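The chains referred to below are lettered A, B, ... by the order of the sequence lines, with proteins before strands, and numbering in each begins at 1. These numbers were taken from a predicted model, which means no experiment stands behind them. Quick note: numbers below take in every heavy atom, side chains included, and nothing from hydrogens, waters or symmetry partners.
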Amino acid sequence: MPLMPSPITTRYAPSPTGRMHLGNARTALFNYLLAKAQGGRFVLRVEDTDLERGSEAFLESQLADLRWLGLDWEAGPGKEDERGPYRQSARGGLYEDHYRRLVGTGSTYPCYCSATELEVSRRTQLAAGQPPRYAGTCRELNAIERARHEAAGRRPTLRFRVPPGRRVAFDDLVRGPQEVSTEEIGDFVVRRADGVPVFFFCNALDDALMGVTHVLRGEDHLTNTPRQLLLLEALGLAPPAYGHLPMLLGADGAPLSKRRGSASVGDLRAAGYLPAAVTNYLLRLGHAGAPDDWVDPAAQSGAFRLDRVGRAPAHFDEVQLQHWQREAVKRLDPAALEAWLAPALPDSLGARERGLLGATVSHNVVFPCDALPWVEVLFGELPPLPDDLAQVVERAGPGFFRAALAALEATGPDLAALAREVRQRTGRKGAELFMPLRIALTGRGDGPELGPLLGALPPSTLRHRLAVHAGGRD
RNA sequence: GCUCCCAUCGUCUAGAGGCCCAGGACACAGCCCUCUCAAGGCUGGUACGAGGGUUCGAAUCCCUCUGGGAGCGCCA
C-alpha cells in the first residue's frame, strides 16, 4: 500500500516595511503552489517585530496584494488558529519562553559590546582581509565583569554561542546538499539590547512552532540557514526543509528594489494587469515546469515542479508579462471584463454601454485605458478624419454611402446581410466595401471587427455617420 | 576584503558526454489568412562568456579567468 503523503505546510512571511515587489510575489506564489500541489497548508505570518520601519498601511497593502493574486492563506492574519497568533508582534511571550530555554542550556551569553566597538572591530577585520565576524569579546565574561558592565548601565544583547569545529549540513530543496563549518559563522545576536527579538530567532522559531515543513525563500537567506539550524537544534525543535530561490533582477540586471515602481505588485494592479497574467508570468521565472501556453490559476499548482526550479537569477521582462496579460484578457468573461474595464471609464457611462463596449473591444485591449478611445467612437462624437482615411471615404463616393444607408434600412445592423446588400447595390467587395464603412462609422482604420461594432453603435449614430458622407454628387 | 552561488538566443528557458553545426516560448522580420488591428498558421535571424584541459567525442566533466549575484548587522 502506498503511504499517505504527509501533508505539508508552507508559509509566506512578509515584513510590513514596504510594498510587495515581484520577487516577494514569486516567493509567495511558489510556497502557495508547493503546498497546494501536495494538498498541504499555506500559512501567512507577519514579521512585524521591527516597529520603527514597519507600518500598518504597508501590511494592509501586502495582504491586499496577496488576496489579489489569489494566494489565500489557511491560517494567518484574520484566520487565527491554535498555532497563532500569526503576527510576531503578538508573540512576545513565546519568544521570552524560548530565550529562557536558550539561556538555560548555556547556548547564549550576554554581550555588552557597543555598536561603535563592533563597528571598529569589523573595520579592523576588513582591513586585515578577514571576514567581519564577532570577535568573541564577551563570550567568556565572568560574573564580576558582567556586573561591572551592568553597573555602567550597559544593556546587553543576547548572543548565540556558535559551537566551534562543527559542520552544519542540510539538503536544500532547490540547491541540493549544503555544508558549512561553524568556524565560518560568528556568534550572532538573537535578542537586541532593547529586548526586541531579531529575525534569525523569531523566523526560525515560528516556523518550527507553527508546524511549517517547507520554506521557499530568497537566496539571500541561504547563508542564514546554518545559523537557524543551529538555533533550532539548541532549542530541540525540528527545522523545516529550506529551499532557496534565485533572486529576481530588473531588466538592467540590478536587483529589484522597493524603489522600483514597475516591480511593485500594487503598481501592476493599478496599471490594469490581471492577477492571472502576473502569476502565469511568475510561474515561468526561474521555473521550467510550466508548459508554454496559458495555465489557469486553478491548475498552476499542478504545473509547479520543485525539481524544475532553477538556480540562476532571472530578469524581469515587462514585454513577456504583457504577453500573459493579453492571454489573460482574452479569457475574461463578460462580467469580469466589465469590472476590469470600469476604473478607466467615465462614471457617466451607463451599464448598457459598458456591456456593449466590453463585448466589442475585448480582443483589442491590453489595459483598461486602451478601451477609452472606443467610448468616444461608440457613444460620442467623431473627430474629423485624418487625410489618408478621408481619401478612402472620398474614393468610395457619396453614392456608396447612399447605398449603404438604403441597405441599412433594409437589413438593420447585421453585418453579413448589410454587406451582401451593399455589394449588390454597388458592386464593391472586400476592402473596397468594408474599409469605407469602417472609417465612416468609427473614424479609424483599425479596431475591432465590424460586426460587433455595428451591433454596439446606436442605430441613429449608424445612420448619421453614413449620411455625413452621402451628400453631394458622385 | 573574505566565503558561497550562478553563467545557453535580447528575455524566460530545454539540455544531466554522442539523439545538439543546440530545441521551445516571448519579442523581432517576412509571408499566408483577413474589412483593419489583433488572433491564428508558416518561414527566418539571433545563443552555449573566454581560455585551457579530460575524452574517440563536451553546452554537458575539471581548472583558471571574466562577468553577475548573495552573505559576512543590535536589518528582515
Select one nucleotide: of [options], the one nearest the side-chain heavy atoms of [X].
X      : options                : value
A:R122 : B:rG73, B:rC12, B:rG40 : B:rG73
A:V319 : B:rA27, B:rC75, B:rA70 : B:rA27
A:T223 : B:rA70, B:rG71, B:rC72 : B:rG71
A:H323 : B:rC26, B:rC74, B:rU36 : B:rC26
A:P132 : B:rG73, B:rG71, B:rA76 : B:rG73
A:K330 : B:rU36, B:rG40, B:rC72 : B:rG40
A:T49  : B:rA14, B:rA76, B:rC35 : B:rA76
A:R133 : B:rC75, B:rC6, B:rC72  : B:rC72

request  = Check the geometry between A:H221 and B:rA76 and answer yes if their rings are stacked (centres below 5.5 Å, planes below 30°), otherwise no.
outcome  =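 Stacking is present between B:rA76 and A:H221, given that their ring centres fall under 5.5 Å apart and the planes under 30°.
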message = So that I can tick it off, tell me whether A:R148 and A:E150 are bridged by a salt bridge, with the cut-off set at under 4.0 angstrom between side-chain N and carboxylate O.
response = no
message = Could you identify the nucleotide paired to B:rU34, looking across every strand shown and requiring Watson-Crick or G-U wobble geometry with both distances under 3.5 Å?
response =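 Its partner is none (no Watson-Crick or G-U wobble pair with both distances under 3.5 Å).
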Steps toward side chain to side chain contact (heavy atoms under 4.5 Å, CB included) verdict (A:T17, A:F58) = CA-CA 6 Å; A:T17 53; A:F58 281 139; 5.5 Å; no
key: Side-chain heavy atoms of A:Q320 within contact of A:N280, under 4.5 Å   =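 A:Q320 does not reach A:N280 side chain to side chain.
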request  = Say whether, by atom type as modelled, one donor and one acceptor occur between the side chain of A:R133 and the main chain of A:R122 under 3.5 angstrom.
outcome  =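 Absent.
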